[in-house]
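Just so it is clear, the values below take in all heavy atoms, side chains as well, and ignore hydrogens, waters and symmetry mates. Position 1 is the first residue of the sequence; numbering continues from there. Ligands are counted one by one from 1 in listed order, and the atoms in each one are counted from 1 as well.
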Amino acid sequence: MTDVKAIAKLMWELEDQLAVCMRCGMCQAVCPIFMETGKEADVARGKLVLLDGLLHEMFKDPKGVAERLNRCLLCGSCAANCPSGVKVLDVFLKARVILTGFMGLSPAKRLILRGMLSRPDLFDRITQWAGRFQKVFTRPANEVIGTSCARFAAPLLGGRHFRPLAPAAFHQKTPSKDTPAGASGQRAAFFVGCLIDKIFPNIAEAAMTVLEHCGVGTYLPAGQGCCGIPALSSGDRKTFLRLVHHNLALFEEGKTDVILTACATCTSTIKKVWPAMVADQPEELRRRVEKIAEKTTDISAFVTRLIDPTKLTAPAGKPPVVVTYHDPCHLKKSLGVFAEPRRLLAETPGCRLVEMAEADACCGMGGSFNLQYYEISSRIGRLKRDQIVATGASAVATGCPACMLQISDMLSRRGDSLRVCHPIEIVAEAMGSS
Ligand code: SF4
Ligand code: SF4
């Protein structure tokens with residue numbers, strides 16, 4: 001069981017934050033789950049009321065509390081629209097930590113989070129091994145999107161169309177990098193993130209191309225770990241803190257001006273969640289985390305200031321891409337980044353940006369939410385798919401690899417054939433990379 005003192009501290013922090021909610025219910029209008037289920041228990045207000053009596057409820061029905069807490073995408077739509085400024089995501093994450101401290105981790109989660117995720121080397125080796133054998137169990141589903149589906153009945157995969165593990169992870173092709181500042185006079189560290197490393201290495205390769213084109217020196221430390229959000233979402237603060245320490249040690253080196261990521265969830269985790277979740281830790285750790293959080297920026301937001309569109313050319317021999325952009329919740333709602341990726345796409349030769357309706361509506365992915373509540377996740381995802389297809393675009397770009405997974409699944413399952421990519425890939429192609 002997690003340290004009782006730490007749990008008690010979290011309880012006090014939680015009480016202070018819960019007191020801010022005035023029960024106005026304005027979060028109902030923006031919660032994607034509430035819009036589908038209509039249940040007060042699913043919306044932020046309903047969960048906050050439950051947490052008000054957490055101690056009592058936890059002893060009475062811990063599984064029931066966990067079920068209610070887990071029915072949440074952690075999208076932050078409620079927090080972004082809350083007139084009282086309730087830090088809803090902090091509250092939900094802390095409550096999950098308290099509950100896991102009380103109930104313990106399930107054996108499966110213990111194995112995945114503590115046995116694998118918290119040990120980046122081992123995690124890399126296991127996924128490398130899984131990548132070699134995945135074709136035995138899966139078959140291609142949609143060539144344009146690049147999805148696969150299960151070859152045999154597989155309860156965990158269900159009918160999902162997923163993006164398979166890449167033949168070689170990014171860290172295998174480019175284990176590390178350390179180049180001097182170029183014309184921009186700046187050096188950037190690059191935090192790869194698990195999904196980009198193992199499923200979408202093209203995004204990291206495109207990021208390297210764009211940084212080089214912009215004259216930015218790159219620092220890519222070897223042995224990077226996960227940002228920790230999958231562990232924290234499961235209430236496993238021990239693994240989360242271990243990964244924070246691991247990555248801090250890597251990214252404090254390298255004398256860089258900025259730390260970039262191409263994953264909206266990693267960016268918002270490092271910038272917002274790391275500081276919030278070390279508030280009770282020693283001052284030295286808090287200071288180190290604050291420093292890293294301040295330096296961390298989304299790659300589109302950073303490069304948009306440096307790119308000169310007149311130096312880009314449309315890829316030769318390819319028809320223009322008509323692209324629509326989906327706002328990842330963790331980029332727009334958490335960090336206010338939405339204009340920059342659009343500007344990048346609109347200014348890239350050979351690319352025409354068309355807006356979809358409700359571009360900032362959540363795609364319904366929510367990490368482990370998709371695994372646990374696939375039916376609700378798909379209902380939300382299908383709304384996003386329909387808005388994408390209605391634009392007539394030939395590609396959809398988004399700044400989060402997790403959203404890319406969900407959008408790929410939704411499009412592929414219906415047989416739609418649109419390219420699903422990251423804005424940085426389209427920009428890199430106009431720099432001669434394809
Ligand atoms: S979380 Fe915010 S929006 Fe929701 S009920 Fe409380 S104060 Fe209102
Ligand atoms: S984080 Fe998203 S899914 Fe969870 S309660 Fe808030 S709006 Fe609803």
Side-chain angles (χ1 to χ4, degrees), residues 13-54 57 64-99 229-230 232-235 264-265 267-269 271-273 276-277 326-336 338 358-384 398 400 402-403 405-406:
E13 283 176 34
L14 208 62
E15 269 179 29
D16 284 348
Q17 291 175 347
L18 285 170
V20 183
C21 174
M22 56 182 184
R23 313 277 193 256
C24 67
M26 282 176 74
C27 39
Q28 277 190 350
V30 291
C31 176
I33 301 185
F34 180 79
M35 285 179 208
E36 285 302 315
T37 67
K39 289 185 184 161
E40 173 70 10
D42 287 335
V43 79
R45 180 175 63 179
K47 291 184 171 70
L48 294 170
V49 169
L50 170 84
L51 293 177
D52 232 354
L54 181 60
E57 291 292 333
V65 178
E67 159 84 11
R68 292 251 320 252
L69 277 179
N70 290 341
R71 280 172 71 95
C72 172
L73 293 152
L74 297 175
C75 67
S77 303
C78 46
N81 288 281
C82 172
S84 306
V86 179
K87 294 184 174 167
V88 185
L89 296 188
D90 286 8
V91 171
F92 290 169
L93 287 170
K94 281 175 185 164
R96 289 184 188 198
V97 170
I98 293 168
L99 206 61
I229 197 66
L232 196 62
S233 306
S234 294
T265 303
T267 316
S268 115
T269 299
K271 278 193 93 62
K272 295 267 183 91
V273 180
M277 294 307 294
H326 159 70
D327 287 294
C329 295
H330 292 153
L331 213 46
K332 184 173 181 191
K333 289 159 194 147
S334 293
L335 303 171
F338 58 94
E358 299 179 74
D360 63 355
C362 177
C363 69
M365 179 66 185
S368 58
F369 179 86
N370 175 279
L371 291 176
Q372 263 183 292
Y373 303 103
Y374 186 57
E375 203 268 321
I376 305 177
S377 172
S378 298
R379 267 153 58 191
I380 300 168
R382 285 197 289 269
L383 299 174
K384 175 58 63 180
T398 184
C400 182
C403 300
L405 289 179
Q406 171 79 338

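- The neighbour count for Gln372 CD, taken as heavy atoms of other residues, nucleotides or ligands under 6.0 Å away, is above 12.
- No donor-acceptor distance shorter than 3.5 angstrom exists from the side chain of Lys47 to the backbone of Val88, with no hydrogens or angles considered.
- In this structure, of Cys31, Cys75, Pro32, Gly364, the residue bringing a heavy atom nearest to atom 1 (S) of ligand 2 is Cys75.
- Only protein atoms were considered; those of element N, O or S under 2.8 Å from atom 6 (Fe) of ligand 1 number 1.
- Screening Ser77, Cys72, Cys363 for a side-chain contact (heavy atoms from CB on, under 4.5 Å) involving Pro32 leaves a single residue, Ser77.
- Less than 4.0 angstrom separates some heavy atom of Pro83 from each of these atoms of ligand 1: 3 (S).
- For the pair Ile380 and Cys362, the tightest heavy-atom approach, listed with the atom from each and the gap, is CG2-O, 3.5 Å.
- Side chain of Lys384 to main chain of Glu358: a donor-acceptor pair is present (N/O by atom type, distance under 3.5 Å, no hydrogens or angles).
- With Lys271 contributing its side chain and Ser334 its backbone, the two residues share no donor-acceptor pair below 3.5 Å.
- The distance from ligand 2 to the heavy atoms of Ser77 drops below 4.0 Å at these ligand atoms: 7 (S).
- Nearest approach of Arg96 to Leu232, heavy atoms of both residues: CB-O, 4.5 Å.
- Protein heavy atom at the shortest distance from atom 3 (S) of ligand 2 is Leu73 N, 3.3 Å.
- Residue, atom and distance of the protein heavy atom nearest to atom 4 (Fe) of ligand 2 are Cys72 SG, 2.4 Å.
- Between the CZ atom in Arg45 and the CE atom in Met26 there is a gap of 11.5 Å [rounded to 0.5 Å].
- Annotation: the span from Thr267 atom OG1 to Lys272 atom NZ amounts to 11.5 Å, rounded to 0.5 Å.
- Residue contacts with ligand 1: Gly85 is excluded, as none of its non-hydrogen atoms falls under 4.0 Å.
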